[in-house]
Amino acid sequence: MTHPPHRRHKPPVVRPKFKVSWTMILAAGLFVLTRVYILFVFEPKISDVGAVYFVDTVKAHDDHLVPYQENLPIVYPPLAWWVIYAPRLFDSHPLTDPSDLRQLKLVRDSYLLGFRSEMFVCDVLSLLLLWLIVKKQSPGLVGWAALTYTITTAVFGHLLYDRLDIGLTLLFLLWAFCWIKSLANESRSIGWAAVAYGLLGLGISYKLIPVIVIPFLLLADWHASRRAVRLLSGTIALSAAAIFPFLIQYLISDPAVFDLFKFHSERGIQIESLYSTFMMFGSLAGWEVFVLNTHGAFNLAGDLSKLMITLSNVLLLLFLASIWFWLFFRPSELQRSNGYRAVCFTVVGSVILSKVLSPQYFIWALPMSLLLAAELFPPSRTKPWILTVLWVLVAVLSTWLFPYHYFSKPDAPGLVSSNPLEAKTLYLLPCIVLAVRNLIYLAMVVWLGVALFRIRAEPTSQHNS
């Protein structure tokens, strides 16, 4: 009598139980309250939607000007322009007489609600995706991530629904969700990865910024199974999603659609950047510094401006190269999971190392830092909550600056002056607040970077499972 071969049974995988915590309940409640207030009650002090977006859509929709051409220059990629234009396209209120202030207000209010509703949808979906990703990767930090996201973005209420950046947040989080799926599901890994590449391509056609993370994903897939198919499908999805919107707009606007690349390449040292802070310190030593209003932003110019532009390029390249080499020397079988972390950190760090820094950039850097922290920090420690405090400080100081103390008033000096005769004046208090904000964020980036580079060679979130 023969006995069947002994079968070795694998021990069951023990996963942390997901429990509803007080932080989740608090985050959900705060999210509903703050978002209803921001969408329907809150009136931003300074709104690009009213000042710029609405005017551009009126020119395109009612005056029939061609976007991106000389009479209607657009500095955003096509997908962003379509998002700006959509509320006006579907608006049932015609603007027949711009001199009729009552009619103009009706149309403008309708457009504002439409655009803010678009951003509200992006916000809701972003929180949901953040919740799902952290729940899968580190269940003990779900409430913390949701609460940190809700509080910090609420402090950015002046910018949250009146800029395009929450849309980029959604695209980044969609990418993260699909990339995590490609790690967990081997049979559909290539398909999920291709979708992730496509979402980053849409991000490039929306804000250009995601282009800096592409080398890390290509490297992460270099040693993966079925490399040729994986890289080919990902490259095709990425290229199609990034290029196709430009081709569509090219048929409408001709080569003028590509002028935005020249616009962004010529930008100087924006006044809120880290390099602007260095120039402000330099002014104390006697170097000349003055404010210029160019390329749709306030920039610092003077004796140190060329040096700072060079420094910004060098530091950003060194930053990207260091992450690339860190990923290169990871064990090949773990490069795809570490590629996820590398992308999250790249997005967070590039904000402070770029020569252009607007406060709304923190809106999409925030959730990427939370995803990274969920990978690096144990849920039972105080480190996640320290990160929360740092983010709230960054948000509060940024909001104190913009919009409340950005422009000088007779009784309160601001970061810049609306009076051309005072263009060379830099007031001490706003500069100090800006420097503190930038140094706090820089410290946060260094902290996350040290934790990332010291991480053991292990699969994504193994330490949390």
Side-chain angles (χ1 to χ4, degrees), residues 75 77 204 207-216 219 258-328 342-343 345-362 364-365 394 398 401-402 415-416 423-426 430-450 452-453:
V75 299
I204 294 170
K207 271 280 191 173
L208 299 181
I209 294 162
V211 72
I212 64 174
V213 306
I214 301 305
F216 307 112
L219 176 59
F258 302 113
D259 289 346
L260 66 95
F261 293 103
K262 181 175 182 292
F263 173 89
H264 289 288
S265 66
E266 294 175 345
R267 298 189 68 171
I269 301 295
Q270 194 161 351
I271 196 167
E272 290 195 55
S273 68
L274 178 66
Y275 309 98
S276 174
T277 299
F278 294 156
M279 293 178 68
M280 291 174 183
F281 287 144
S283 68
L284 299 177
W287 279 295
E288 184 182 24
V289 173
F290 54 91
V291 181
L292 292 178
N293 187 357
T294 61
H295 294 79
F298 288 94
N299 301 316
L300 281 193
D303 296 335
L304 297 175
S305 57
K306 291 184 179 180
L307 175 62
M308 290 298 109
I309 290 175
T310 302
L311 182 63
S312 69
N313 294 331
V314 171
L315 289 181
L316 186 58
L317 287 175
L318 287 176
F319 172 74
L320 298 176
S322 66
I323 302 173
W324 195 91
F325 279 109
W326 171 82
L327 182 60
F328 180 82
V343 170
F345 182 58
T346 300
V347 172
V348 175
S350 62
V351 171
I352 196 64
L353 294 178
S354 172
K355 65 180 180 180
V356 177
L357 196 167
S358 294
Q360 62 264 28
Y361 292 2
F362 296 123
W364 43 262
V394 167
S398 298
L401 280 168
F402 185 90
L415 193 60
V416 299
K424 294 184 179 182
T425 302
L426 287 175
C431 292
I432 291 176
V433 172
L434 175 61
V436 172
R437 192 279 306 274
N438 285 345
L439 292 177
I440 290 175
Y441 188 84
L442 179 62
M444 185 169 21
V445 171
V446 172
W447 182 31
L448 291 173
V450 170
L452 175 65
F453 291 158

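Position 1 is the first residue of the sequence; numbering continues from there. All values below were derived from every heavy atom in this structure, side-chain atoms included, with hydrogens, water molecules and symmetry-related copies excluded.
Atom-to-atom distance recorded for Y275:OH and L311:CG is 5.5 Å, nearest 0.5 angstrom. Rounding to the nearest 0.5 Å places CG of L434 at 9.0 Å from CG of L439. In this structure, I432 CD1 and T277 OG1 are separated by 11.5 Å, a value rounded to the nearest 0.5 Å. Rounded to the nearest 0.5 Å, atoms CG (N313) and CG (L353) are 11.5 Å apart. With rounding to the nearest 0.5 angstrom, the OG atom of S312 is 12.0 Å from the CD1 atom of I352. The distance from atom CZ of F290 to atom OG of S283, rounded to the nearest 0.5 Å, is 12.5 Å.
Between V75 and L260 the shortest heavy-atom distance is O-CB, 4.0 Å. F345 and V445 make their closest contact through CE1-O, 3.3 Å (heavy atoms, listed as atom of the first residue, atom of the second, distance). Across N438 and S273, no two heavy atoms sit closer than the pair ND2-O, 3.3 Å. Of all heavy-atom pairs between S398 and R437, the closest is OG-NH1, 2.7 Å. For P215 against W324, the heavy-atom pair with the smallest separation is O-NE1, 3.9 Å. Nearest approach of P430 to L401, heavy atoms of both residues: O-CD2, 3.6 Å.
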field: Check against ring pair (Phe, Tyr, Trp, His ring centres under 6.0 Å), F325 and F453
entry: CA-CA 11 Å; F325 279 109; F453 291 158; over 10 Å; no
message: Let's go through I269 and L304 carefully: what are the C-alpha distance in whole Å and the side-chain angles of both, what is the deciding distance for side chain to side chain contact (heavy atoms under 4.5 Å, CB included) to 0.1 Å, and is it a yes or a no?
response: CA-CA 10 Å; I269 301 295; L304 297 175; over 6 Å; no
message: Is there a side chain to side chain contact (heavy atoms under 4.5 Å, CB included) between F216 and T346? Walk through the geometry before answering.
response: CA-CA 9 Å; F216 307 112; T346 300; 3.3 Å; yes
task: Verify side chain to side chain contact (heavy atoms under 4.5 Å, CB included) between W364 and V351, making sure each step is shown before the conclusion.
output: CA-CA 10 Å; W364 43 262; V351 171; 3.6 Å; yes
field: Worked check of side chain to side chain contact (heavy atoms under 4.5 Å, CB included) between W326 and L452
entry: CA-CA 9 Å; W326 171 82; L452 175 65; 3.6 Å; yes
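Taking the side chain as every heavy atom from C-beta outward, L274 and L315 never approach each other to under 4.5 Å. Contact annotation: the side chain of V356 approaches that of Q270 to within less than 4.5 Å [non-hydrogen atoms, C-beta and beyond]. At least one side-chain heavy atom of S350 sits under 4.5 Å from a side-chain heavy atom of L316.
Between F258 and F261, the ring planes are parallel. Angles under 30° get that label, and only those over 60° would be called perpendicular.
At distances below 3.5 Å, not a single donor-acceptor pair connects side-chain atoms of R267 with backbone N or O atoms of N299.
Screening M279, M308, E272 for a side-chain contact (heavy atoms from CB on, under 4.5 Å) involving L300 leaves a single residue, M279.
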